[in-house]
Novice: 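First the structure, which I've put down as structure tokens, then a few questions once you've had a look.
Given the structure is predicted, the values throughout are model-derived calculations rather than measurements. By convention in this document, chain letters (A, B, ...) are assigned in the order of the sequence lines, proteins followed by strands, and residues within each chain are numbered from 1.
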Amino acid sequence: MDFRFEVLKTDPSGARLGRLETPHGVIETPAFMPVGTLGTVKGLTQESLEALGTQVILANTYHLYLRPGAELIREMGGLHKFMSWPHPILTDSGGYQVFSLSDLRKVTDEGVTFRSHIDGSEHSLSPERAIEIQLALGSDIMMVLDECIEASSSEERAAAAAARTLAWARRSRDYFSEHDDAQRQIMFGIVQGGAHAELRRKSADETVQLDFPGYAIGGLAVGEPHEVTCEMTAQVTARLPADRPRYLMGVGRPEQIVDYVARGVDMMDCVLPTRSARHGCLFTWQGRILIKNACYAKDPRPIDPACPCPTCRRYSRAYLRHLFLSKELLAATLTTLHNVYFYLDIMAEIRKSIRFGNLLGFRSDLQARLENSVSESGAASGTESNR
RNA sequence: GGGGACGUAGUUCAGCCGGCUAGAACGCUGCCCUGUCACGGCAGAGGUCGCGGGUUCGAGUCCCGUCGUCCCCG
């Protein structure tokens with residue numbers, strides 16, 4: 001096996017500095033994984049991702065299965081080769097689509113039946129099939145198929161989804177162990193349990209029994225308050241083995257990420273930096289900028305004067321706003337470049353602060369900076385960064 | 001000189017035989033986005049219907065005048 005995870009240092013907060021070796025390279029943790037659902041981080045080239053220092057990206061089983069198809073990607077030599085990304089890739093199983101495409105699917109113990117959002121055709125995804133597809137894609141880390149539910153779900157509903165996810169995890173593991181000929185991939189189990197602490201603990205314990213090389217925490221940040229996300233995360237990480245990576249799925253905002261890391265999370269992914277960029281919301285060390293706002297029409301400054309990213313080195317807010325209002329493609333590219341850089345930068349700072357045993361200090365600094373800028377009414381304040 | 005069209009939000013236009021609290025699209029302003037169906041979603045501001053008379057219970061809608069724009073014929 002070319003996989004190895006090691007925790008290099010633990011911060012007083014509970015945060016962990018680590019490294020996850022994969023056949024396609026090392027992931028320094030805590031890590032943020034930009035989302036590239038269809039084998040592309042929308043708006044960016046692979047060269048750009050590399051230049052930004054992206055360690056690992058996330059792709060999606062359900063979407064790639066529908067188009068261009070798992071077999072095609074296998075024939076093309078696997079996803080790494082197909083998309084020319086020789087670095088680590090994590091594939092989500094399609095479990096989230098069980099949740100987000102809810103009006104197009106039907107869930108049973110056997111698996112999920114979907115109607116394609118592309119052409120309406122019917123497809124079924126079983127735990128085994130999800131692994132089979134991910135074996136064809138050849139991702140470094142694959143996820144078991146799980147059932148993600150609404151944050152407001154009752155205890156009964158959450159218990160049922162957790163039980164089903166556990167049963168699916170067992171089937172996934174068994175199928176994987178029988179079909180993993182190349183042994184170049186690993187699989188993570190997923191903890192569910194809704195917003196119910198007792199269920200979260202139970203799901204964590206039972207999933208750990210199945211002995212996965214890493215564990216994900218799913219079904220959070222789907223509408224519940226941040227404090228609840230933190231509490232559920234803490235309940236779970238307290239029960240996960242310390243020597244395995246933990247992946248909190250689908251989070252989060254920059255200031256929230258620190259809180260998750262402080263609860264022992266090693267990996268995260270989120271569409272926020274990429275989707276928000278395409279919708280004109282830019283993250284900076286001084287808070288968020290809504291670049292479409294009129295106050296930036298004649299603003300010659302970059303998004304963040306302290307940011308060394310390719311966009312901030314060269315382009316003004318006024319120009320970016322113009323690109324946005326004109327619906328130019330370059331708007332998405334330049335803003336995504338910045339937001340992804342910012343997220344990776346935050347992670348680098350987080351790792352640095354853990355190395356110094358001071359994540360909580362970093363956390364309060366960040367909080368203070370963000371609050372300061374908000375009180376100056378967000379937008380046009382010309383404050384320089386103190387980084 | 002004669003004849004004919006048209007003048008309604010910033011823009012392009014809808015408003016049938018008179019009953020509207022005058023609409024749409026785009027634009028404008030603001031907000032949202034958390035394992036991506038979605039360069040998307042939501043909300044808001046903005047009009048004395050060219051102007052002046054008249055008919056009518058009631059006129060953006062009908063009549064007269066007037067100003068403006070455009071077209072056709074001399």
Novice: With a 4.0 Å limit, can you tell me whether A:Q97 has a side-chain N or O closer than that to the phosphate oxygens OP1/OP2 of B:rU36?
Specialist: yes

Novice: Rounded off to whole Å, could you give me the CD1-to-P distance for the A:I289 and B:rC31 pair?
Specialist: 12 Å

Novice: Taking CZ from A:F114 and C1' from B:rC37, how many angstroms apart are they, rounded to a whole number?
Specialist: 12 Å

Novice: Give the rounded distance in Å between these two atoms: CD1 of A:I118 and C1' of B:rU36.
Specialist: 13 Å

Novice: Looking at every strand, decide which applies to A:A294 at a 4.0 Å heavy-atom threshold: base, sugar-phosphate, or nothing.
Specialist: sugar-phosphate

Novice: Are A:D243 and A:R16 ion-paired here, with the side-chain N under 4.0 Å from a carboxylate O?
Specialist: no

Novice: Side chains of A:H87 and A:Q46: donor-acceptor distance under 3.5 Å anywhere?
Specialist: no

Novice: In whole Å, measure the gap between the P atoms of B:rG54 and B:rG3 for me.
Specialist: 27 Å

Novice: When the nearest nucleotide of RNA chain B is assigned to A:S93 and to A:E328 on a heavy-atom basis, which residue is associated with the more 5' position?
Specialist: A:S93

Novice: Among the candidates B:rG30, B:rG35, B:rC28, find the nucleotide nearest to the side-chain atoms of A:L325.
Specialist: B:rC28

Novice: Considering every strand shown, what is the Watson-Crick or G-U wobble mate of B:rG46 when both distances are under 3.5 Å?
Specialist: none

Novice: What is the separation between atom CG on A:D259 and atom P on B:rU34, rounded to the nearest whole Å?
Specialist: 18 Å

Novice: Going by heavy atoms closer than 4.0 Å, what residues in residues 32-69 of chain A are next to RNA chain B?
Specialist: A:V35, A:T37, A:K42, A:L58, A:N60, A:H63

Novice: With rounding to whole Å, what would you report as the distance between B:rC33 and B:rA45 at their C1' atoms?
Specialist: 24 Å

Novice: Applying a 3.5 Å limit to both distances, which nucleotide forms a Watson-Crick or G-U wobble pair with B:rC13?
Specialist: B:rG23

Novice: Output yes when at least one side-chain N/O atom of A:S100 is less than 4.0 Å from OP1 or OP2 of B:rC37, else no.
Specialist: yes

Novice: Using the P atom in both, what is the distance from B:rC6 to B:rG15, to the nearest Å?
Specialist: 12 Å

Novice: Can you measure A:L220 atom CG to B:rU34 atom P for me and round it to whole angstrom units?
Specialist: 14 Å

Novice: Can you tell me which residue among A:M232, A:R200, A:M268, A:R263 is in a side chain to side chain contact (heavy atoms under 4.5 Å, CB included) with A:I217?
Specialist: A:R200

Novice: Could you tell me which nucleotide pairs with B:rC39 by Watson-Crick or G-U wobble geometry, both distances under 3.5 Å, or answer none if nothing does?
Specialist: none

Novice: Going by heavy atoms in the side chains, are A:D269 and A:M267 under 4.5 Å from each other?
Specialist: no

Novice: Looking only at atom P, what distance separates B:rU48 and B:rA9, rounded to whole Å?
Specialist: 9 Å

Novice: Would one find a side-chain N or O of A:R321 under 4.0 angstrom from OP1 or OP2 of B:rU29?
Specialist: yes

Novice: If we take the C1' atom in both B:rG10 and B:rC17, what is their distance in whole Å?
Specialist: 34 Å

Novice: Please examine the side chains of A:T311 and A:Y341, heavy atoms only from C-beta on, and report whether any two atoms are closer than 4.5 Å.
Specialist: no

Novice: Output the rounded distance in Å from CG (A:L101) to P (B:rG35).
Specialist: 13 Å

Novice: If you only use heavy atoms from C-beta on, which nucleotide in B:rU34, B:rC39, B:rC33 is closest to the side chain of A:L329?
Specialist: B:rC39

Novice: Indicate syn or anti for B:rC71, taking the glycosidic torsion and treating anything within 90° of 0 as syn.
Specialist: anti

Novice: Answer yes when A:R171 and A:E110 have at least one side-chain N-carboxylate O distance shorter than 4.0 Å, and no when they do not.
Specialist: yes

Novice: Scan A:Q192 against the nucleic acid and name what it touches under 4.0 Å (heavy atoms): base, sugar-phosphate only, or nothing.
Specialist: base

Novice: When you match A:D146 and A:F324 each to their closest nucleotide on RNA chain B, which lands nearer the 5' end?
Specialist: A:D146

Novice: With C1' as the reference atom in both, quote the distance from B:rC26 to B:rA14 in angstrom, rounded to an integer.
Specialist: 15 Å

Novice: For B:rC32, does either OP1 or OP2 sit under 4.0 Å from a side-chain N or O belonging to A:R288?
Specialist: yes

Novice: Can the ring centroids of A:Y62 and A:Y65 be said to lie less than 6.0 angstrom from one another?
Specialist: no

Novice: Show your working on side chain to side chain contact (heavy atoms under 4.5 Å, CB included) between A:M33 and A:I57 and close with a plain yes or no.
Specialist: CA-CA 5 Å; A:M33 308 182 281; A:I57 64 167; over 6 Å; no

Novice: Quick one: look up who B:rG1 pairs with, Watson-Crick or G-U, both distances under 3.5 Å, and put none if it's unpaired.
Specialist: B:rC73

Novice: Can you tell me the distance, in whole Å, between the CD1 atom of A:I291 and the P atom of B:rU29?
Specialist: 13 Å

Novice: Strictly below 4.0 Å: does A:R275 bring a side-chain N or O up to OP1 or OP2 of B:rU34?
Specialist: yes

Novice: Measure from the side-chain heavy atoms of A:K292 and tell me the nearest of B:rG35, B:rU34, B:rG40.
Specialist: B:rG40

Novice: Look at A:E206 together with A:R239 and state whether they make a salt bridge at an N to O cut-off of under 4.0 Å.
Specialist: no

Novice: Taking atom C1' in both B:rA22 and B:rU61, what distance in whole Å separates the two?
Specialist: 11 Å

Novice: Looking at B:rU29, B:rU34, B:rU36, which one has an atom nearest to any side-chain atom of A:R253?
Specialist: B:rU34

Novice: If we take the C1' atom in both B:rC32 and B:rC39, what is their distance in whole Å?
Specialist: 16 Å

Novice: Without decimals, in angstroms, what is the distance between A:D269 CG and B:rG35 P?
Specialist: 6 Å

Novice: Give the intermediate values and the outcome of side chain to side chain contact (heavy atoms under 4.5 Å, CB included) for residues A:E227 and A:E231.
Specialist: CA-CA 6 Å; A:E227 298 71 44; A:E231 176 55 22; over 6 Å; no

Novice: Sort out the partner of B:rG7 for me: Watson-Crick or G-U wobble, both distances under 3.5 Å, none otherwise.
Specialist: B:rC67

